[in-house]
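Start at 1 and go down the list; that is how both ligands and their atoms are numbered.
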Amino acid sequence: MKIYSGSANQKLAELIAKELHVPLYLPEKFIFPDREERIRVLERVVDEEIVLIQPLTPPVNEHIIEASFLVDALKRSGAKTVFLITPYLGYQRQDHIFRDGEAVSLDVVIKILEVVGVDKILMFELHSIKIPELFNIPVVHLSALPIFAKEINRLGFNDGNSVLISPDMGGIRRIKQLSEILNDMPYVSIEKDRDLATGGIEAKEIKGAQNIQLAGKRGIIVDDMISGGGTMVKASGLLKKNGIGDIYIFATHAIFSQNAPILLQESIAEKVFITDTVFVNKNKHFPKLEVLSVAPLIAEEIKKQFDF
Ligand code: R5P
């Protein structure tokens, strides 16, 4: 087995290889003046099982193309199988048609990956549990919730004084799972509206709070991803209006588009915990940010899959 990394998150790939005590291989990459990319695998990979690490993070289209070129290069060079580790799956929020005339963008991405020859895929914290059904290859779906639970316990937040919050109704399944891991920590969910045309967000009301005392409690907001940061900011505002105490944010995928880091730093949240499924450049780090690594979980899964 050989581990390769594309350019999307080399830092995570290095951590995974380190956990496994194996070398990490990088392809030769050349960008032409017109931005076309040439990819070349330098090692002999005939009959090898390959693990390729390439999350489909922004710039999503470039990273999808690079992943596809890499899989093609590996297969043409004789690789027996390619197991694609893509901790963040780009286009996952476009898994169905919202309005007439739209493409099912995620379906197109899946077709591309399957046609170029991906044999198996690993993803983290998918937006919908239905996504694995769209694939025709085996899927490994991991979650960062055990990592979050460990951190919440380590911080001493499982002290009967915390409430878990999903910032939208779509995250209710996730929050229930985390509550179970944390010995039935109470949870509520926020009803959120997003205008599909403008992207504007409204945090409308807190659902499920009838029997739960929010005032003065520590609020732990948990979501699959932070993109522009609007969801977290609006959710925090609504919670504050309802008397919640300190607010902590946990999100698996830190997409951090637009001015999300500034919004989050200036928000009323005390801390923002993310994982390293998405590479966050140093210039997007901010004082309230804490990064928890998914590398040990991915390394464990690779060991399981390859029996070593
Ligand atoms: C949406 O349903 C997701 O779970 C996230 O809440 C959303 O993608 C976050 O986006 P933003 O940070 O731009 O509000």
R174/D224 salt bridge by N-O under 4.0 Å criterion: yes

Quick one: sort the F32 and F30 rings into parallel, tilted or perpendicular, breaks at 30° and 60°. perpendicular

Within the 4.0 Å heavy-atom sphere of ligand 1, strictly under, residues: R93, H127, D168, K192, R194, I201, D223, D224, M225, I226, S227, G228, G229, G230, T231

Backbone of P138 reached by a side-chain donor or acceptor of K120 within 3.5 Å: no

Pairs involving residues 259-274, ordered by first then second residue, that meet salt bridge (charged side-chain N to carboxylate O under 4.0 Å, His left out) (sequence neighbours left out): K271-E290

Residue set satisfying ring-ring contact (aromatic ring centres under 6.0 Å, His included) with Y187, at least two apart, ordered chain then number -> none

Who are the ring-ring contact (aromatic ring centres under 6.0 Å, His included) partners of F124, not counting sequence neighbours? none

